[in-house]
Amino acid sequence: MRVNDVVVIGGGVAGASAAYHLARDRARVTLVDRQDEGQATAAGAGIVSPGTDLGPPDPYFPLAFHAVGFYDRLKGELIEDGVREFGYETCGLLHVAVSEEEARRLPNVLRIIKQRREAGAPAVGDIHLLDARQAESLFPPIRRLHGAIYASGAGRVDGRKLRDSLLQGAGRRGASLVRGSAELVVERGRAVGVRVAGRLVFASAVVIASGAWTDSLGAAGAYVPVRPQRGQIAHLTVPDTRTASWPIVVGFYSHYLLTFPQNRVVAGATREDGVGFDYSTTAGGVQEVLSEALRIAPGLASAQIGEFRIGFRPVSPDGLPVIGPVPGVENAYIVSGLGAHGLQLGPYCGYLAAAMAQGLPISLDLSAFSPARFA
Ligand SMILES: Cc1cc2nc3c(=O)[nH]c(=O)nc-3n(C[C@H](O)[C@H](O)[C@H](O)COP(=O)(O)OP(=O)(O)OC[C@H]3O[C@@H](n4cnc5c(N)ncnc54)[C@H](O)[C@@H]3O)c2cc1C
């Protein structure tokens with residue numbers, strides 16, 4: 001019988017990164033993933049640009065800056081393990097104003113982004129105000145702008161490629177990858193492993209990276225209040241085959257556009273609370289996503305609808321990630337609650353969880369993300 005140093009529950013970006021880094025540290029690791037429909041990593045858009053993000057609460061930013069800085073290190077690690085492609089590239093970002101009133105707010109946004117860059121935000125690059133014509137030339141389907149800010153260093157990542165690269169790297173380093181549903185096994189307040197298809201898989205530590213499904217592990221005493229937030233997101237196909245050079249488009253609203261080679265435009269996304277794990281493409285969701293996309297970029301009206309993807313973002317009550325030891329269960333560590341930012345945070349947060357599970361020191365202050373805050 002193989003006794004693991006660590007079992008990882010969940011094979012999205014967070015669990016894949018935890019398993020990869022554990023395996024790199026020569027731990028014996030088994031990752032168990034149920035491959036649920038609606039895995040957030042498989043549906044996520046892929047914007048990587050914390051310096052231009054106006055939404056998240058303050059404690060998010062130091063973590064996000066480290067996480068995006070970590071991408072460079074990850075790239076080196078994966079190359080060392082013979083994994084050449086992991087889906088991350090720099091593409092730039094436009095923050096657009098679609099009215100005079102929004103245009104008057106752009107200088108303030110520019111000031112915030114500059115402050116973030118000075119505070120060490122990676123993936124910002126050069127930033128300037130553009131007039132409507134300059135902005136529209138960078139993303140041809142957009143029209144009728146009133147101005148924009150351009151940040152040249154913003155990045156995008158293909159979540160599926162990133163996840164698969166991490167899993168491939170983990171496999172190459174000796175991790176066992178198992179498809180199945182894992183149930184946490186706790187004895188006398190201590191995680192001793194997981195049960196998969198009736199079989200016990202023992203471990204000296206368990207990393208819980210089960211995304212939006214996290215609170216279902218509460219039955220074992222590891223309750224952490226993470227709930228699913230459904231996101232419906234459209235993948236459009238356009239005739240122009242140079243979409244790879246188009247920047248991400250965001251604005252004073254929660255929707256966005258981003259592109260992937262060769263001719264794909266991704267229009268996202270709904271943020272639906274209270275629908276549980278209902279894996280449906282809905283009329284309301286389709287209407288919301290397409291009407292917001294066409295409001296900014298009427299030139300997309302003739303695009304073909306490739307597919308709609310659905311993902312369940314793992315969301316915590318205060319909107320911050322949940323990373324750390326599970327209260328009341330020794331040897332169990334959680335990495336969840338990555339919300340709308342898990343593709344940019346996931347590789348680093350998985351690495352942090354891997355370090356915790358091995359008792360390694362972590363220099364970053366993670367107290368704002370402690371699972372104990374919900375106790
Ligand atoms: C529409 C949409 C757009 C997004 N856009 C962006 C973006 O632009 N930028 C960004 O940074 N982030 C974005 N995100 C967020 C990001 O995708 C998520 O935060 C991130 O992927 C979460 O990763 P995870 O590994 O925690 O969870 P998931 O990817 O959901 O993976 C969890 C895995 O755990 C498995 N699992 C659960 N329970 C068990 C169990 N008991 N046993 C075995 N396996 C189990 C599930 O099957 C699943 O495979 C977006 C998300 C969505 C839905």
Which pairs with one or both residues in residues 364-374 pass salt bridge (charged side-chain N to carboxylate O under 4.0 Å, His left out), sequence neighbours excluded?
Asp318-Arg373

Check: residues 55-69 side-chain donor-acceptor pairs under 3.5 Å, at least two apart:
residue	atom	partner	partner atom	Å
Tyr60	OH	Gln344	NE2	2.3
His66	ND1	Pro62	O	3.1

Salt-bridge test for Glu89 and Arg156: reply yes if a basic N is under 4.0 Å from a carboxylate O, no otherwise.
yes

Indicate whether the side chain of Glu288 and that of Gln232 have a donor and an acceptor atom separated by less than 3.5 Å.
no

Sequence neighbours left out, what pairs pass ring pair (Phe, Tyr, Trp, His ring centres under 6.0 Å) with at least one residue falling in residues 131-188?
Phe139-Trp246

Residues pairing under ring pair (Phe, Tyr, Trp, His ring centres under 6.0 Å) where one sits in residues 283-324, two or more places apart or in two chains, turn out to be Phe277-Phe312

For the CG atom of Leu343 and the CG atom of Leu338, what is their distance to the nearest 0.5 Å?
9.0 Å

Can you list every pair that meets salt bridge (charged side-chain N to carboxylate O under 4.0 Å, His left out) and has a residue in residues 233-245, with sequence neighbours left out?
Asp240-Arg242

Rounded to the nearest 0.5 Å, what separation is found between the CG atom of Asp158 and the CG atom of Asp164?
8.5 Å

Would you call Pro314 and Thr214 a side-chain contact if the rule is heavy atoms closer than 4.5 Å?
no

Enter the distance from Leu258:CG to Ser49:OG here, rounded to the nearest 0.5 Å.
11.0 Å

When you measure from the side chain of Arg173 to the backbone N and O of Ala23, does any donor-acceptor pair fall under 3.5 Å?
no

Measure the shortest side-chain to side-chain distance between Trp213 and Asp36 over non-hydrogen atoms and say whether it is less than 4.5 angstrom.
yes

Can you confirm whether the side chains of Gln39 and Thr41 place a donor and an acceptor under 3.5 Å from each other?
no

Around Gln287, counting heavy atoms of other residues, nucleotides and ligands shown, do more than 12 lie under 6.0 Å from its CD?
no

Can you pull the ring pair (Phe, Tyr, Trp, His ring centres under 6.0 Å) pairs that have at least one residue in residues 12-36, sequence neighbours excluded?
His21-Phe70, His21-Tyr351

How would you list all residue pairs meeting salt bridge (charged side-chain N to carboxylate O under 4.0 Å, His left out) that involve residues 206-217, not counting sequence neighbours?
none

Please tabulate, for side-chain N and O atoms in residues 121-131, each donor-acceptor pair with protein atoms closer than 3.5 Å (sequence neighbours left out).
residue	atom	partner	partner atom	Å
Asp131	OD1	Arg133	N	3.2
Asp131	OD1	Gln134	N	2.9

Salt bridge (charged side-chain N to carboxylate O under 4.0 Å, His left out): which pairs involve residues 347-363, sequence neighbours left out?
none

Partner of Glu85 under salt bridge (Lys or Arg N to Asp or Glu O under 4.0 Å), chosen from Lys161, Arg160, Lys75:
Lys161

Under a 4.0 Å N-O cut-off, is there an ion pair linking Glu80 with Arg24?
yes

When rounded to the nearest 0.5 angstrom, what is the spacing between OG in Ser370 and CG in Leu320?
11.5 Å

Restricting to non-hydrogen atoms, name the atom on Val83 and the atom on Gln168 that form the minimum distance, rounded to 0.1 Å.
CG1-OE1, 3.9 Å

Nearest heavy-atom approach of Ala301 to Leu294 is N-CD2, 3.5 Å

Quick one: CG on Leu166 to CG on Leu31, what's the gap to the nearest 0.5 Å?
10.5 Å

Table please: side-chain donor-acceptor pairs of residues 262-269 below 3.5 Å, with sequence neighbours left out.
residue	atom	partner	partner atom	Å
Asn263	ND2	Val238	O	3.3
Arg264	NH1	His235	ND1	2.9

Can you name the nearest heavy-atom pair linking Pro325 to Pro371, along with the distance?
O-CG, 3.3 Å

Any side-chain heavy-atom pair of Val226 and Val322 under 4.5 Å:
yes

Determine whether a donor-acceptor pair (N or O, by modelled atom type, separation under 3.5 Å) exists between the side chain of Arg117 and the backbone of Ile112.
no

Take a 6.0 Å sphere around CZ of Arg190 and say whether it holds more than 12 heavy atoms from other residues, nucleotides or ligands.
no

Is Val7 close to Val29 at the side-chain level, that is, under 4.5 Å between some pair of heavy atoms?
no

Just by distance, do the side chain of Arg172 and the backbone of Asp81 share a donor-acceptor pair under 3.5 Å?
yes

Do Val8 and Ile323 land in one hydrophobic cluster if side-chain heavy atoms of ILVMFWY residues count as linked below 4.5 Å?
no

Count I, L, V, M, F, W, Y as connected when their side-chain heavy atoms are under 4.5 Å apart, and connections chain through other members. Are Tyr333 and Leu364 then in the same cluster?
yes

Nearest heavy-atom neighbours spanning Val289 and His255
CA-CE1, 4.1 Å

Working to the nearest 0.5 angstrom, can you tell me the gap between His95 NE2 and Leu106 CG?
6.0 Å

Would you call Asp5 and Arg28 a salt bridge, using N to O less than 4.0 angstrom?
yes

To check you understand the geometry: which heavy-atom pair defines the closest contact between Leu145 and Ala135, and what is its length?
CD1-CB, 3.7 Å

Which residues pass the salt bridge (Lys or Arg N to Asp or Glu O under 4.0 Å) test with Arg73, sequence neighbours left out?
Glu77

Whether the Arg34 and Ser181 side chains hold a donor-acceptor pair (N or O, under 3.5 Å, no angle test) is what I'd like checked.
yes

Is a donor on one side and an acceptor on the other found under 3.5 Å between the side chain of Arg230 and the backbone of Asp278?
yes

Distance under 6.0 Å and angle within 45° of the ring axis: does Arg105 meet both against Phe252?
yes

So, are Asp33 and Arg179 salt-bridged, with charged N and O less than 4.0 Å apart?
no

Tightest non-hydrogen contact, residues Pro347 and Ser17, listed as O-OG, 2.5 Å

Just jot down the salt bridge (Lys or Arg N to Asp or Glu O under 4.0 Å) partners of Glu102, sequence neighbours excluded, or say none.
none

Are the side chain of Glu136 and the backbone of Arg144 linked by a donor-acceptor contact shorter than 3.5 Å?
yes

Backbone N or O of Thr243 within a donor-acceptor pair of the Thr259 side chain at under 3.5 Å?
yes

Is the shortest side-chain heavy-atom distance between Ile149 and Leu94 below 4.5 Å?
no

